[in-house]
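Below: the structure, in structure tokens.
The chain is numbered in sequence order, starting from 1.
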Amino acid sequence: MRIDIGCRKVTISRTLRTFIRNHLTKRLQRFAGAILAAKVELSDRNGRRGGGDKQCRVQLTLARGGQVVRDDIRANLRNAFRCAM
């Protein structure tokens, strides 16, 4: 399974990137044959204005066709990712 992590209007730490990759691998391990790719996009909707507006969208591409998309908005990126999963 290929994992892509992208960012818009936000910079993420190496620690957060590693956390996301490890968490995805662990949670989706038993479905590895059914999932071709996982794409995680992290963004800050308000940019420098601040606020609890960090968004995470997780998109899974399935081997038999189709996609599963989940997203959430929270005060920080780690919580947004956890809730989107």
Side-chain angles (χ1 to χ4, degrees):
M1 174 177 56
R2 187 179 79 243
I3 298 174
D4 296 321
I5 302 171
C7 303
R8 288 189 299 156
K9 297 183 186 179
V10 68
T11 304
I12 64 169
S13 66
R14 180 177 287 167
T15 304
L16 181 57
R17 189 176 294 272
T18 301
F19 170 77
I20 290 171
R21 190 171 297 280
N22 290 342
H23 190 77
L24 274 173
T25 301
K26 188 176 186 179
R27 291 279 309 266
L28 302 176
Q29 181 176 335
R30 63 184 167 162
F31 306 109
I35 300 171
L36 296 177
K39 181 179 179 182
V40 177
E41 187 161 316
L42 304 164
S43 62
D44 186 346
R45 297 178 67 197
N46 285 338
R48 293 185 286 160
R49 292 182 290 181
D53 64 336
K54 307 304 187 266
Q55 182 176 18
C56 177
R57 173 169 282 168
V58 178
Q59 178 178 332
L60 304 177
T61 304
L62 306 178
R64 293 188 178 190
Q67 297 179 339
V68 175
V69 179
R70 299 266 323 251
D71 64 87
D72 204 319
I73 299 171
R74 298 290 167 162
N76 65 57
L77 292 170
R78 185 180 290 253
N79 286 345
F81 171 73
R82 284 180 176 163
C83 292
M85 282 302 297

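Rounded to the nearest 0.5 angstrom, Lys39 NZ and Gln67 CD are separated by 9.0 Å. In this structure, CG in Leu77 is found 10.5 Å from CD in Gln55, a value given to the nearest 0.5 Å. Distance check, rounded to the nearest 0.5 Å: CG of Asn76 to CG of Asp53 gives 11.5 Å. Between Ile35 atom CD1 and Ile3 atom CD1 the span is 9.5 Å, to the nearest 0.5 Å. Leu62 CG to Phe31 CZ: the interatomic distance, rounded to the nearest 0.5 Å, is 11.0 Å. Note that CZ of Phe81 is 13.5 Å distant from CG of Asp71, once rounded to the nearest 0.5 Å.
Within the 4.5 Å cutoff, no side-chain heavy atoms of Arg78 are placed close to those of Cys83. Between Arg14 and Thr18 the shortest side-chain heavy-atom distance falls below 4.5 Å. The closest side-chain heavy-atom distance from Ile5 to Arg21 is below 4.5 Å.
Remark: Arg70 does not engage Asp72 in a salt bridge, criterion side-chain N to carboxylate O under 4.0 Å. Asp44 and Lys54 are joined by a salt bridge, as a carboxylate oxygen and a charged side-chain nitrogen come within less than 4.0 angstrom of each other.
Among all heavy-atom pairs drawn from Gln59 and Val69, the shortest one is CG-CG2, 3.9 Å. In plain terms, the two heavy atoms of Ala63 and Leu36 that are nearest each other are CA-CG, 3.7 Å.
Residues Met85 and Ile73 do not share a hydrophobic cluster, clusters being chains of Ile/Leu/Val/Met/Phe/Trp/Tyr side chains in contact below 4.5 Å. Hydrophobic cluster membership is shared by Val58 and Phe19, with clusters built from Ile, Leu, Val, Met, Phe, Trp and Tyr side chains linked at under 4.5 angstrom. Following chains of ILVMFWY side-chain contacts shorter than 4.5 Å, one can reach Leu28 starting from Leu42, so the two form part of one hydrophobic cluster.
With Glu41 as the fixed residue, the salt bridge (Lys or Arg N to Asp or Glu O under 4.0 Å) test singles out one of Arg8, Arg57, Lys9: Arg8.
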